[in-house]
Amino acid sequence: MSDFLQEQIEYYRARAPEYDDWFYRRGRYDLGEEHTSQWQREVQQVRDQLYSVSDIGQILEMAPGTGIWTAELVQIGEGVTALDASPEMISINRAKLGSDKVNYQLTDLFQYQPACQYDMVFFGFWLSHVPAAKLPRFLETVYAALKPGGRLFIVDSRAVDLSRKHTGTANLGDELQRRVLSDGRQFDIFKIYYDPAELTETLRAHGFDIAVEMTDNFFIYADGCKLP
């Protein structure tokens, strides 16, 4: 497992310069105007839910990547601590936002131990990269990082993502995918898709009062709080 986890870190380091192409449906991820419009509508649905609670204190963002969601979090929180294992992702994020509200830390999330508690924990497109064997310990870490009553917000990919058909992604079993970068390099990484009932049960079993929803095509998202 450790070899795959290291390969996953190397993948996201290498993917950093092209990551935004995926989210903004550019280049090889551009499947046409109708697809992009639907994608944008569903992104907005998740964004609206995120903004349903504002004036939050300190936010912990795990795997912030290029800053797509960090840019939203600085609008609803007093400050953001952003943890990522990729210096390339952090560099892009910092340059894009240029915000003194963000504290960046180069961190392996599977080794992370919170030194304080936050008013909110957020992770976008990260939960699906946590191997099943490490999920209980990871959720214990999330629980420890949140204040009682603190908000947990998760967004990730649904299993049906039409863009995967266009980019050479191949499933290698229940937990692994082979990903191909635009330059042809291949990486094997963890990728687990959840349905709402499964994810709700898992999160509630780890101490969160949370609701899990799906958009029509692309995203699964969860919004709730840590139980006392």
Side-chain angles (χ1 to χ4, degrees), residues 1-2 4-5 8-9 45-65 68-70 72-85 102-105 107-159 174-175 189-215 219-228:
M1 180 180 295
S2 60
F4 283 120
L5 289 174
Q8 183 164 272
I9 292 173
Q45 180 180 337
V46 178
R47 189 182 288 117
D48 289 344
Q49 182 62 37
L50 179 64
Y51 276 83
S52 66
V53 179
S54 58
D55 297 324
I56 297 171
Q58 293 299 316
I59 300 173
L60 176 66
E61 184 180 14
M62 308 178 89
I68 292 165
W69 294 100
T70 317
E72 310 290 352
L73 296 176
V74 296
Q75 302 300 317
I76 65 172
E78 294 177 5
V80 177
T81 298
L83 312 178
D84 206 294
V102 185
N103 172 27
Y104 296 97
Q105 297 182 20
T107 306
D108 181 343
L109 292 178
F110 296 115
Q111 304 298 323
Y112 171 67
Q113 296 292 327
C116 61
Q117 290 187 313
Y118 295 84
D119 300 288
M120 178 178 176
V121 173
F122 175 96
F123 36 98
F125 307 100
W126 165 249
L127 185 66
S128 57
H129 297 305
V130 177
K134 288 188 172 290
L135 183 61
R137 182 69 186 91
F138 172 72
L139 291 178
E140 289 172 7
T141 301
V142 174
Y143 186 88
L146 262 180
K147 295 178 180 178
R151 188 184 189 192
L152 174 63
F153 196 104
I154 303 166
V155 59
D156 218 305
S157 303
R158 285 187 57 174
D174 293 337
E175 293 196 18
I189 68 168
F190 289 96
K191 187 68 176 178
I192 301 172
Y193 297 100
Y194 292 94
D195 64 47
E198 175 189 11
L199 185 54
T200 298
E201 181 179 356
T202 298
L203 293 172
R204 289 181 177 174
H206 283 85
F208 301 101
D209 181 14
I210 201 157
V212 181
E213 306 287 346
M214 291 194 301
T215 62
F219 309 119
I220 184 170
Y221 62 97
D223 189 9
C225 64
K226 172 182 173 176
L227 293 168

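Keep in mind it's a predicted model, so treat the numbers as computed, not measured.
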Measuring from [X]:[atom1] to [Y]:[atom2], what's the distance to the nearest 0.5 Å?
X	Y	atom1	atom2	result
Leu109	Ile9	CG	CD1	8.5 Å
Leu152	Asp209	CG	CG	11.0 Å
Glu213	Leu199	CD	CG	11.0 Å
Asp119	Cys225	CG	SG	13.0 Å
Arg151	Met120	CZ	CE	4.5 Å
Gln45	Tyr221	CD	OH	4.0 Å

Going by the angle between their ring planes, with limits at 30° and 60°, are [X] and [Y] parallel, tilted or perpendicular?
X	Y	result
Phe208	Tyr143	perpendicular
Phe190	Phe4	perpendicular
Phe123	Phe138	perpendicular

Does some side-chain heavy atom of [Y] sit less than 4.5 Å from a side-chain heavy atom of [X]?
X	Y	result
Val155	Phe122	yes
Lys191	His129	yes
Trp69	Leu50	yes
Val74	Glu61	no
Phe110	Ser2	no
Asp195	Val212	no
Leu139	Thr202	yes
Asp156	Tyr193	no

Next on the checklist: Less than 3.5 Å apart, any donor N or O on the side chain of Gln75 or Tyr51 sitting next to an acceptor on the other?
Outcome noted: no

Next on the checklist: Does Leu60 form a side-chain contact (heavy atoms from CB on, under 4.5 Å) with Leu146? I'd like the steps, not just the answer.
Outcome noted: CA-CA 9 Å; Leu60 176 66; Leu146 262 180; over 6 Å; no

Checklist entry - Does the pair Leu203 and Ile154 meet the rule for a side-chain contact (heavy atoms from CB on, under 4.5 Å), with working shown? => result CA-CA 11 Å; Leu203 293 172; Ile154 303 166; 4.0 Å; yes

Next on the checklist: Within a 6.0 Å radius of atom CD on Glu201, are there more than 12 heavy atoms belonging to other residues, nucleotides or ligands?
Outcome noted: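 Counting neighbours around CD of Glu201, 12 or fewer heavy atoms of other residues, nucleotides or ligands fall under 6.0 Å, so no.
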
Next on the checklist: Using a 6.0 Å cut-off, check whether atom CG of Asp55 has over 12 heavy atoms from anything other than its own residue.
Outcome noted: no

Quick check: closest heavy atoms across [X] and [Y], and the distance to 0.1 Å?
X	Y	result
Ile59	Gly77	CD1-CA, 3.8 Å
Pro136	His206	CA-NE2, 3.6 Å
Met214	Pro196	CG-CG, 3.5 Å
Arg158	Ile220	CG-N, 3.9 Å
Pro114	Thr141	CD-CG2, 3.8 Å
Asp223	Ser52	OD2-OG, 4.0 Å

Checklist entry - Would you say Gln117's side chain and Ala145's backbone share a donor-acceptor pair under 3.5 angstrom? => result no

Item to check | Pair Phe153-Val46, side-chain contact (heavy atoms from CB on, under 4.5 Å): steps then yes or no | outcome: CA-CA 10 Å; Phe153 196 104; Val46 178; 4.0 Å; yes

